[in-house]
Amino acid sequence: MDFQKVIAVATRRGIFQSAFDAYGGLAGFIDYGPVGVKMRRRILETWRKLYVIDAGCLELDGALIGPEALFQASGHLGEFDDALVNCEDCKKQFRADHLVDGGEEMSRDELAKAISGMACPGCGATLSEMTSFNLMFSTGVGAGKGLPGYLRPETAQSIFLAFPWLLRQNRGKLPFAAAQIGRSFRNEISPRQGPLRMREFTQMEVEHFFLPNEEPLLSDDLRDVTINLLDANGKETSSTVGEGFDEGIIGSSLVACHLARAQKFLTTIGVPDKKLRFRQHGSNEMAHYSSDCWDGEINTSLGWVEVVGVAHRGDYDLSAHGNASSKEFRVAVPGTEKETEVWVPDIGKLGKEFKGDAKFILEAIRDVDLQPGFSVDVNGSKIELTSEYMSQKTERRSEMVYANVVEPSFGLDRILYCLLESSWKSDGEREWISLPQETSPYDLLVAPLMTKDGLDDKAHEIMKSAIDIGVDAYYDEAGSIGRRYARADEIGIFFSMTVDHQTLEDGTVTLRERDSKDQNRLSIEDALNKVRR
RNA sequence: GCAGGCGUGGUCUAGUCUGGUAUGACUAGGGGUUUCCAACCCCUCAACCUGGGUUCAAAUCCCGGCGCCUGCACCA
């Protein structure tokens, strides 16, 4: 099964196609069709079951467009923004900050100065002016000039911003995890390979927060999950997650937990164990904030495709937002409450005495450890605050810290593609997608053996009762029965129910299982119960 | 973004060099026949990526755009 074939089947069977086809298409965007939407939904359901229901993650659905300040703080405006220079002569393009010593530290203006008049490293001609390219889509918020806004380049920031709110929903307790399914947008320079590199894509992310010294341990049920590991030194092992952690290959217990969960999730939806591995990032590949990072990869005809990243992000994001915004993103460490005697200003007295200057004084002492005799500069004159302007008070305070976070982040579109490719089976002429019942787009194919003698009426009747009990069934009466099985197989429908003459006599049907083609004769009721999920 | 290759019904494709009614298969729909794994027969729907140019005439030649593939560059 190669890329072209997946694309052809996806188009033919209503899974996905490239978007805006009528207008020539636009790279990096695809539409999901009737079958694709069902497959995605099933994958999401499985994911939600594992993370939101089993693991108890708090679910969030964040806004897609964010203000400039947010992306300034998250680092995306800086990190996602590349200064590019072109050479007019040899048509090569370079990153400006890579051409200058220490360029990564420079501001835009400094870079522009350093670049001007520089010779092209390729051909020696003079480089043209610097242009900048930001991987984020920008837009305007509001009428007129409006405020600059950006489409989020990852869902994660929504969770980080909601951290204080979510923490309250968890009644102030750590650890906890938040989950989010949503779209993200990146204006990729050259998106290729359909669903693998998109400009608009769906992420399924978890941010698992914990106190710095209280990282959740690897639980017993996750210890025994078998997993293929490729560590940063290029050493491949197949062992349990517990062994990998004990031997120090996996550096963090919570990263180990999430590697195990990711392994469970991907195999549950039908990715064969043999085609799945987790590869550790080398130190140069790792994002600057991350201390341990693993990519879950699926082996396809295009090589290993990254479908999930598990990263230890430390406190990078929360502290960034804590520093840049006016909100408290830290948490109190339980058990560290201390009684301290603190001096608090007597605001009434300060006001009466200093009138208009009082607000400058208050401003100046806001974040300092106030003591009698503290002096402040106000409009050039020095004011000494004696004890008559303050009083002593006993305060209970806790140590405040930023929570750390481990993040598994899944790319839904890539997962679907890899799943289609990796579960593709063929046997001579016969070709089918061997999806587990879990991710099969329909629960059941209902097919009358022929469309006479009332068999089709009976089949319609069964369809109705299937739908009544929540079985998502697909009805097909066109063509030979073999052809209909083949059609169903091609989109991975797990069970097929065939209505024949015996059905009319004793109320039994045959239930065919896709992979084995085995058929059993059961009562209608038993058959429906069997396919019901 | 650069270079090269490519773009024909839903899918795969012939035709492009050498300009003149667009080939075939599969799929799908209708009908017939058969009835448990893509059978068969008849019928039908359906395409030259797009915009300009050259020409009496463009799928075909030329130029621009868009898209796809490969390589380079980029890639949290």
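No hydrogens, no waters, no symmetry mates; every other heavy atom, side chains included, goes into these values. Below, chain A is the first sequence line, B the second, and so on; all start at residue 1.
The P atoms of B:G67 and B:C62 are separated by 22 Å, rounded to the nearest whole Å. Taking atom C1' in both B:G29 and B:G65, the straight-line distance is 37 Å, to the nearest Å. Taking the P atom of each, B:G15 and B:U8 are spaced 14 Å apart, rounded to whole Å. Rounded to the nearest Å, the gap between the P atom of B:C63 and that of B:G5 is 12 Å. Going from the P atom of B:C37 to that of B:A14 covers 35 Å, rounded to whole Å.
If you check B:C6 for Watson-Crick or wobble pairing at under 3.5 angstrom, you find it paired to B:G67. Using N1 to N3 plus N6-O4 or O6-N4 for Watson-Crick, or N1-O2 and O6-N3 for G-U wobble, each under 3.5 Å, B:C72 pairs with B:G1. Pair check for B:C56 finds B:G20; Watson-Crick or G-U wobble, both atom distances under 3.5 Å. Pairing for B:U34 is absent, with no Watson-Crick or G-U wobble pair whose two atom distances lie under 3.5 Å.
Residues of residues 437-448 of chain A that place a heavy atom closer than 4.0 Å to RNA chain B do not occur. A heavy-atom distance below 4.0 Å to RNA chain B is reached by these residues of residues 505-520 of chain A, ordered by number: A:T510, A:R512, A:K517, A:Q519. Taking every heavy atom of residues 64-74 of chain A and every atom of RNA chain B, no pair lies under 4.0 Å.
Atom-to-atom distance recorded for A:E205:CD and A:S409:OG is 3.5 Å, nearest 0.5 angstrom. Rounding to the nearest 0.5 angstrom, the gap separating the OG1 atom in A:T11 from the CD1 atom in A:I30 is 10.0 Å.
Mapping A:A486 and A:K452 onto RNA chain B by nearest heavy atom places A:K452 at the nucleotide closer to the 5' end. Taking the nucleotide of RNA chain B with the nearest heavy atom to each of A:H76 and A:T498, the more 5' of the two is matched to A:T498.
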Using a 4.0 Å heavy-atom cut-off, write out nucleotides 65-71 of chain B from 5' to 3' as B (base contacted by protein), S (sugar-phosphate only) or - (no contact).
-> -SSSSBB

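Listed by first then second residue, pairs satisfying salt bridge (Lys or Arg N to Asp or Glu O under 4.0 Å) with a partner in residues 415-429 of chain A number zero, not counting sequence neighbours.
Dashed line: the shortest gap from a side-chain N or O of A:T11 to OP1 or OP2 of B:U11 is not under 4.0 Å.
No hydrogens or angles considered: nothing links the side chains of A:D21 and A:Q17 as a donor-acceptor pair under 3.5 Å.
One can find a donor-acceptor pair under 3.5 Å joining the base of B:C36 and the side-chain atoms of A:D500.
Candidate nucleotides B:U34, B:C74, B:C37 were compared by shortest atom distance to the side chain of A:Y485, and B:C37 ranks first.
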For nucleotides 25-28 of chain B, list the nitrogen or oxygen atoms of the protein found under 3.5 Å from its nitrogen or oxygen atoms, one pair per line.
| unit_1 | atom_1 | unit_2 | atom_2 | d |
| --- | --- | --- | --- | --- |
| B:U27 | OP1 | A:R483 | NH1 | 3.0 |
| B:U27 | OP1 | A:R483 | NH2 | 2.9 |
| B:A28 | OP1 | A:R487 | NH1 | 2.2 |
| B:A28 | OP2 | A:R483 | NH1 | 2.7 |

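Between A:Y150 and A:F137, a ring centre-to-centre spacing not shorter than 6.0 Å is recorded. Separation of the A:F410 and A:F265 ring centroids falls under the 6.0 Å cut-off.
Between the CZ atom of A:R430 and the P atom of B:C37 there is a distance of 12 Å, rounded to whole Å. Here the P atom of nucleotide B:G29 and the CD atom of A:E477 are 10 Å apart, to the nearest Å. Between the CG atom of A:D476 and the C1' atom of B:A38 there is a distance of 12 Å, rounded to whole Å. Here the C1' atom of nucleotide B:C37 and the CH2 atom of A:W432 are 12 Å apart, to the nearest Å. Put simply, CZ on A:R484 is 11 Å from P on B:A39, counting in whole angstrom units.
Scanning both residues, A:Y442 and A:R42, for their nearest heavy atoms gives C-NH1, 4.0 Å.
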